[in-house]
Participant: 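Dropping the structure in here first, questions after.
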Amino acid sequence: MANSHILVGASTNPLQPVVRRISTSDLYYALARGYDDFAAFPSYAVFLCVIYPLLGILLIGLTLGTLSLLPLAVPIAAGFALVGPVAAVGLYELSRRREAGLDSSPIHVFDVLHSPSLGAIIALSVLLMAIYLIWLVVAQALYIAIFGYSPPDSITQFVSDWLTTPRGWTLIIVRWGIGFLFAALVLSISAVSFPLLLDRDVGAAVAMQTSLRVMAANPLPMALWGLIVAALLVIGSIPFFIGLTVVMPLLGHATWHLYRRTVEPGGNPHPDYQPPPGERPRRSAADFPVALLPTHWWGKSDIGENG
């Protein structure tokens, strides 16, 4: 029964979400609304996404420190976007709450942990991680097929062989071609899947199917969306992934609004999480040092009485 809920949500015969047709103007609308959300709480969004570039830098650093792993440096960087939708789940939740006029303080990103769709979100996240790992295996296999099993003697030799030899150019062309297929697969199954799961109890299978239907109904706009996402991620990745601390929040918020443009509002909406009675209200880092005071010191009624 639990597995059924993860796949199809609360209903054993779920209604398929209604998909809309969109134009390129809807993409620009989503980006504009995404920027508006980012501007509303930029420091929070940057904080949420800073772990993403840090993890990328760590992984690249590990490959640079081990010559046998050096051929994986570029695939790690190029394929890191495959798990980007997972990193942006908290941002979708903030955009959802802001759109609904609810409290959108950063602590609410953890409300995802109380979502009825948490199992489906985890399942879809594991799937994207598996696709990313498969990409790395394929990329390494291509390198071995072209250059053999011997690791490069140095970083300089690796860069020279990669950029200035026929074998290196063959590797680049084939890897980018296969990488494009991996990126297209991830975009197809996750373009609106995570926002849909946060919004409704539909299950991972229905969410992925809806995402595929969105792609089929809007091939040109969604292809352009994929190019926009890829271009922004490349721009954000060039300076040691630092730019991703801005690009990721922008794309995360924009993806929520793209979901709103591509999928009609429907049934099975999630109730907003409410803390159990008696639980101390959660505070964010922005409340420091007031959050250190006893609850009755910073309650709203006390603040009003004390000016």
Side-chain angles (χ1 to χ4, degrees), residues 1-17 37 41 44-45 47-49 51-52 55 82-100 102-133 186-212 214 248-249 251-260 262-263 265-284:
M1 194 67 180
N3 291 337
S4 175
H5 185 269
I6 289 174
L7 290 176
V8 299
S11 174
T12 56
N13 187 25
L15 295 176
Q16 293 292 330
D37 284 352
F41 25 73
Y44 304 145
F47 175 77
L48 289 171
C49 289
I51 191 172
Y52 188 79
L55 182 59
L82 298 178
V83 293
V86 179
V89 170
L91 299 172
Y92 306 150
E93 175 65 9
L94 290 182
S95 286
R96 184 189 74 84
R97 295 185 65 84
R98 185 167 186 257
E99 177 188 78
L102 301 170
D103 177 20
S104 55
S105 57
I107 196 66
H108 284 291
V109 300
F110 298 106
D111 287 359
V112 174
L113 300 177
H114 303 279
S115 170
S117 294
L118 179 61
I121 291 171
I122 293 174
L124 188 54
S125 301
V126 170
L127 175 60
L128 294 191
M129 285 298 301
I131 292 174
Y132 178 52
L133 293 176
V186 169
L187 177 65
S188 297
I189 65 176
S190 68
V192 300
S193 296
F194 284 104
L196 178 58
L197 289 173
L198 284 176
D199 191 36
R200 307 186 211 173
D201 195 359
V202 296
V206 175
M208 289 189 290
Q209 185 180 11
T210 302
S211 188
L212 289 169
V214 167
M248 279 295 297
L251 289 177
H253 293 306
T255 298
W256 170 263
H257 295 290
L258 181 66
Y259 157 69
R260 282 302 198 200
T262 56
V263 179
N268 293 333
H270 285 330
D272 290 304
Y273 169 69
Q274 297 296 331
E279 180 177 305
R280 174 173 172 159
R282 295 173 296 173
R283 312 296 289 177
S284 71

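Basis for what follows: all heavy atoms, side chains included, without hydrogens, waters or symmetry-related copies. Treat the numbers as computed from the prediction; the structure is a model and nothing was measured.
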Participant: Test L197 against every option in V202, V206, L118 by the side chain to side chain contact (heavy atoms under 4.5 Å, CB included) rule and name the one that passes.
Facilitator: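 By the side chain to side chain contact (heavy atoms under 4.5 Å, CB included) criterion, L197 pairs with just one of V202, V206, L118: V202.
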Participant: Going by side-chain contact (heavy atoms from CB on, under 4.5 Å), name the residues that satisfy it together with R260, two or more places apart in sequence or in a different chain.
Facilitator: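 With neighbours one apart ignored, the set is E99, D199, W256.
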Participant: Identify the two heavy atoms, one from S193 and one from S211, that lie closest to each other, and give their separation to 0.1 Å.
Facilitator: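 Shortest heavy-atom contact: OG-CB, 3.5 Å.
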Participant: Considering only distance and modelled atom types, tabulate donor-acceptor pairs under 3.5 Å from the side chains of residues 123-133, sequence neighbours left out.
Facilitator:
| from | atom 1 | to | atom 2 | distance (Å) |
| --- | --- | --- | --- | --- |
| S125 | OG | I121 | O | 2.8 |
| Y132 | OH | I76 | O | 3.2 |

Participant: Just verifying a value: how many Å separate M248 CE and H253 NE2, rounded to the nearest 0.5 Å?
Facilitator: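 Going from the CE atom of M248 to the NE2 atom of H253 covers 10.5 Å.
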Participant: Please test L198 against V89 for side-chain contact (heavy atoms from CB on, under 4.5 Å), starting from the C-alpha separation and ending with a verdict.
Facilitator: CA-CA 8 Å; L198 284 176; V89 170; 4.2 Å; yes
Participant: Name all residues meeting the side-chain contact (heavy atoms from CB on, under 4.5 Å) criterion together with V263; count only those two or more places apart in sequence or in a different chain, and write none if there are none.
Facilitator: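 Counting only residues at least two positions away or on another chain, V263 forms a side-chain contact (heavy atoms from CB on, under 4.5 Å) with P17, V192, R200, T210, V214, Y259.
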Participant: What pair of heavy atoms forms the shortest contact from S190 to P85, and how long is it?
Facilitator: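 Closest heavy-atom pair between S190 and P85: OG-CG, 3.8 Å.
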Participant: Can you name the residues that form a side-chain contact (heavy atoms from CB on, under 4.5 Å) with L187, not counting sequence neighbours?
Facilitator: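 Testing L187 for side-chain contact (heavy atoms from CB on, under 4.5 Å), a comparison that skips the adjacent residues, returns A191, M215, W225.
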Participant: What distance separates F194 CZ from M208 CE, expressed to the nearest 0.5 Å?
Facilitator: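 So the CZ of F194 and the CE of M208 are separated by 9.5 Å.
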Participant: Okay, side chain of S188, backbone of L212: is any donor-acceptor separation there less than 3.5 Å?
Facilitator: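 A pair under 3.5 Å: no.
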Participant: What's the shortest heavy-atom distance between E93 and V112, and which atoms?
Facilitator: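 Result for this residue pair: CB-CG2, 4.0 Å.
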